[in-house]
Structures are given as C-alpha cells and as structure tokens.
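Let me begin by presenting the structure, written as structure tokens, before commenting on it.
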Protein chains: 2
Amino acid sequence: MRKRKPRSDALRNRDRLIETAKDVLGKGGPEASLEAVARQAGVGIGTLYRHFPTRQTLFDAVFSKDMEQLVETAEGLVDANDPVEALRSWLHANVALVETKRGLLGALAIAMTEESKKTYADQFNRVSTAVDRLLKRAADAGLIRRDVTGDDLLQTMYALCYAREPGPTWRPQVLRLLDIFIEGLKR
Amino acid sequence: MRKRKPRSDALRNRDRLIETAKDVLGKGGPEASLEAVARQAGVGIGTLYRHFPTRQTLFDAVFSKDMEQLVETAEGLVDANDPVEALRSWLHANVALVETKRGLLGALAIAMTEESKKTYADQFNRVSTAVDRLLKRAADAGLIRRDVTGDDLLQTMYALCYAREPGPTWRPQVLRLLDIFIEGLKR
DNA sequence: TGAAAAACGGAGGGCTCCTCCGTATAGTCT
DNA sequence: AGACTATACGGAGGAGCCCTCCGTTTTTCA
C-alpha cells in the first residue's frame with residue numbers, strides 16, 4: 001500500500017505557522033506565547049502542536065532557511081585567496097544576518113544548544129568542514145594559531161551578538177569586538 | 001515621628017527567600033517558578049512579591065554579594081605591576097566566580113541588561129573606574145589598543161561564559177577564548 | 001497591655017502549556 | 001460521481017504559573 005499524498009491543508013497550515021512564528025518570535029523573543037502564534041495564524045492550538053510537538057522544533061523550522069544561507073556563504077568562501085580575510089567576511093556576513101532578525105537573538109541562543117546540534121547536524125557539518133578548511137589553510141600559512149575550531153568561532157560570534165543590547169550602535173560594536181577576537185587569532 | 005524598627009519576621013523571610021532563590025534559580029535557570037521559591041522557603045507567594053515586586057529585583061538581591069566581590073577584586077588590582085596581566089587575572093577570577101554558579105548563567109545574562117545597570121549603577125561605576133584605569137595604563141604604555149572599554153571586557157566575558165555549554169571542559173574553553181580576545185587587544 | 005503599623009498568606013482571575021478526542025475533509029478507489 | 005478512510009482540524013480542559021488584593025495575624029512601641 002502506497003503512502004498517500006500529504007494533505008494540502010496540512011502543508012498550507014504548516015507554512016502559515018512558520019511564517020507567523022517568524023513574526024511573533026521576532027517581536028516577542030523566544031518566550032512568546034505559542035497560543036498567540038496559533039491564533040495569529042488562524043489555526044487551532046492543537047494544529048500547532050501536531051506540526052511542532054515542541055517549541056524547539058518550531059524554532060528549527062524557522063531557522064532552517066537561515067542555516068542554509070549560512071552554509072552556502074561558508075562554502076562559497078572556501079577557496080578565497082586570503083583565508084583570514086575570508087573568515088572575517090564570513091563572520092561579518094553572519095552578524096549582518098543576525099541583525100536582520102534582532103528579535104530572534106534569544107531564540108538563536110536557544111537554538112545553539114547541544115540538543116539542536118543534532119537537528120542541524122547536517123548543516124553544522126558542512127559549515128564546520130568549510131570553516132575548518134579555512135582555518136587549516138590559515139594555520140598552515142602560519143597566519144593564525146592552531147588551537148581554534150570552527151565551532152569556537154561560531155559560538156564566539158553568537159555570544160558577542162547576544163551580549164550587546166540591541167540599538168543603533170549594536171552592529172559596529174559587535175563587529176569591533178569580533179575583529180579584536182580575530183586579531184587575537186593571529187600568530 | 002521616628003520610623004519603626006523593621007519587623008524581625010520580615011527580615012527573616014527576606015533572607016530565607018534570597019537563600020532559597022539562590023538554590024532554585026541555580027537549578028532551574030532564570031525561568032524557574034517563583035511560586036516554587038516561595039513554597040520551598042515556606043512562605044506565602046504574597047510575601048515573596050511584597051519583598052521582590054519583580055523577578056529582576058529578586059535576581060538583584062541574589063547577585064549583590066557576588067557583585068561586591070567582583071568590585072573588590074577589580075579595585076585590588078588597580079596598582080598591579082603589569083596592567084595587561086592584571087586585566088587577565090581579573091577576568092579569570094570572574095570566570096571562576098561564574099563557574100561556581102553555572103546554573104545562574106542565564107540569570108546573569110538577564111542581570112546584565114541596561115535595566116539592571118541602573119540598579120547596580122554604584123558597583124558598575126566602581127568596577128568601570130578600576131578597569132578603565134587599568135586599560136588606560138596599559139594603553140599609555142603602548143601595550144594595547146585604545147578603543148576598548150571596561151564594559152566591552154565585561155560583556156565579552158559574560159558572553160563567552162554564556163556561549164559554552166556547561167560541562168567539564170567549560171572552564172578551559174572559556175579561558176582559552178578569553179585569552180585569544182586579550183591577545184587581540186594587544187597592539 | 002493594647003492600639004496601630006507592618007507583614008503575612010493564599011484565594012482568585014487571567015494567561016499559557018500541552019493532551020485528547022469528537023468532528024471535518026482531502027485523497028483515493030470503484 | 002460517490003463512498004470510504006486515512007489524515008488533519010479545533011478547542012475544551014486539567015494543570016501550573018503570574019501577580020494582585022485584602023482579611024487576618026504578628027510585631028513594635030507607647
């Protein structure tokens with residue numbers, strides 16, 4: 001017995017929920033009410049929970065597109081001429097990405113737990129591979145120290161993003177701190 | 001008309017609440033139930049709210065002792081011989097302090113908002129003064145760049161503490177990232 | 001010791017979380 | 001087309017938390 005085609009209303013509702021969640025979570029942070037999401041999406045609360053059994057699965061759905069973009073940016077830079085500059089611009093691109101959804105910062109912090117690394121394992125691996133290759137090239141060229149991983153970089157970046165209060169000076173400050181960190185990387 | 005002496009039961013309850021909060025928040029993070037705090041302290045919920053009208057005021061009470069220690073450490077280092085090393089050891093001391101209450105990390109993140117800077121204004125000023133003096137001495141000696149504030153340092157430190165997952169490798173990793181940052185500070 | 005200030009406790013309204021299940025409906029088969 | 005059934009829907013409901021309000025109790029002080 002073949003499996004049926006997924007029901008169209010289910011697909012539609014799923015999309016509406018993700019779209020609405022992006023909006024609501026962006027404004028209200030990661031603690032926003034899921035019932036509000038369901039309401040605003042014009043959908044019963046039961047429907048929300050059927051599609052996304054936990055808060056985390058909803059976050060994951062919201063972020064998966066951004067993750068994809070992050071991966072692509074990283075992979076596009078693998079063969080850059082100056083590996084250190086490539087790292088820097090990758091990090092800067094990420095900060096810009098984060099800035100577009102400042103309200104999601106808290107949610108991002110949640111998203112970066114060990115738990116969700118399993119969910120994102122595939123993307124994380126691709127990012128890690130790309131970034132680690134850059135790091136290795138830079139280290140081989142004697143440009144930076146050897147004891148740093150792609151994970152370190154990512155975590156530090158998110159940490160710095162998270163630490164600063166949102167506001168007009170947010171971005172330059174984050175970038176400055178990040179650059180100091182990169183400076184420290186150099187041998 | 002003189003003011004009365006504060007009632008003894010009030011003082012007692014206040015202390016119990018802070019002590020219990022330290023415990024409960026340490027385990028459950030900053031979202032832990034305040035009703036649980038009241039229950040475990042053997043006190044009515046109304047009593048908790050009378051003493052601490054908001055979640056933040058309760059956090060503040062919990063942290064005020066640690067803040068004091070942080071201030072003293074900073075002030076003790078002002079006249080150290082090597083200003084950069086002094087900065088480093090101050091930061092390391094803070095990391096150690098944070099480690100003793102790993103569970104409070106999330107709460108700390110909350111505590112570091114603009115809002116609570118008003119509450120801690122006094123302590124923050126003393127820390128800032130001490131650290132800025134160290135920074136200035138180091139900068140005057142040409143050891144580090146000039147565009148960094150004590151606030152930057154503090155925030156970065158908490159950010160790095162917050163980014164890493166708790167676990168046996170937590171501390172060395174945080175210290176390593178912090179040292180990289182300090183390295184980047186150097187001119 | 002007794003009055004008044006100060007503090008206490010917890011009921012209660014409002015909100016959220018999440019589950020469960022009777023009802024509705026889209027896809028499939030004849 | 002019509003019927004059948006897997007699939008999805010909605011929202012009521014129990015449980016927990018937030019916070020306020022106020023009648024009752026305790027402590028201080030004259």
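- The distance from atom CZ of Arg16(A) to atom C1' of dC9(D) is 14 Å, rounded to the nearest whole Å.
- Rounded to an integer number of Å, the gap from CD1 of Ile45(B) to P of dG12(C) is 16 Å.
- Position along DNA chain C of the nearest nucleotide to Pro6(A) versus Pro6(B) favours Pro6(B) as the more 5'-ward residue.
- Checked by distance alone, Glu35(A) brings a side-chain donor or acceptor within 3.5 Å of a matching partner on the base of dC18(C).
- Distances shorter than 4.0 Å separate some side-chain N or O of Asn13(B) from OP1 or OP2 on dC8(C).
- Looking only at side-chain heavy atoms (C-beta outward), His92(A) and Asp179(A) come within less than 4.5 Å of each other.
- If Arg39(B) and Lys5(B) are placed on DNA chain D by their nearest nucleotide, the residue sitting closer to the 5' end is Arg39(B).
- Protein atom CG of Leu58(A) is 11 Å distant from nucleotide atom P of dC17(C), rounded to whole Å.
- Proximity of His51(A) to the phosphate of dC9(D): a side-chain N or O atom is located under 4.0 Å from OP1 or OP2.
- Residues Thr149(B) and Asp152(B) bring a donor and an acceptor atom of their side chains to less than 3.5 Å of each other.
- Leu11(A) has its CG atom 13 Å from the P atom of dA26(C), to the nearest Å.
- Rounded to an integer number of Å, the gap from Phe52(A) CZ to dA8(D) P is 13 Å.
- Contact annotation: Arg14(A) side-chain N/O to dA8(D) OP1/OP2 distance is not under 4.0 Å.
- Heavy-atom nearest nucleotides on DNA chain C were determined for Arg7(B) and for Gly46(B), and the one closer to the 5' end corresponds to Arg7(B).
- Under 4.0 angstrom from either OP1 or OP2 of dC15(C) there lies no side-chain N or O belonging to Ser33(A).
- Between the CD atom of Glu31(A) and the C1' atom of dT16(C) there is a distance of 12 Å, given to the nearest Å.
- In this structure, Arg50(B) places its CZ atom 17 Å from P of dA5(C), rounding to the nearest Å.
- Annotation: side chain of Trp90(B) is in contact with side chain of Leu154(B) (closest heavy-atom distance under 4.5 Å).
- A salt bridge is defined here as a Lys NZ or Arg NE, NH1 or NH2 lying under 4.0 Å from an Asp or Glu carboxylate O, and Arg133(A) with Asp79(A) fails to meet this definition.
- OP1 or OP2 of dT27(D) has not a single side-chain nitrogen or oxygen of Ser8(B) nearer than 4.0 Å.
- A donor-acceptor contact under 3.5 angstrom links the side-chain atoms of Arg4(A) to the base of dT5(D).
- Between the CG atom of Leu48(A) and the C1' atom of dG10(D) there is a distance of 12 Å, given to the nearest Å.
- Taking 4.0 Å as the cut-off between side-chain N and carboxylate O, Glu19(A) and Arg16(A) do not count as a salt-bridged pair.
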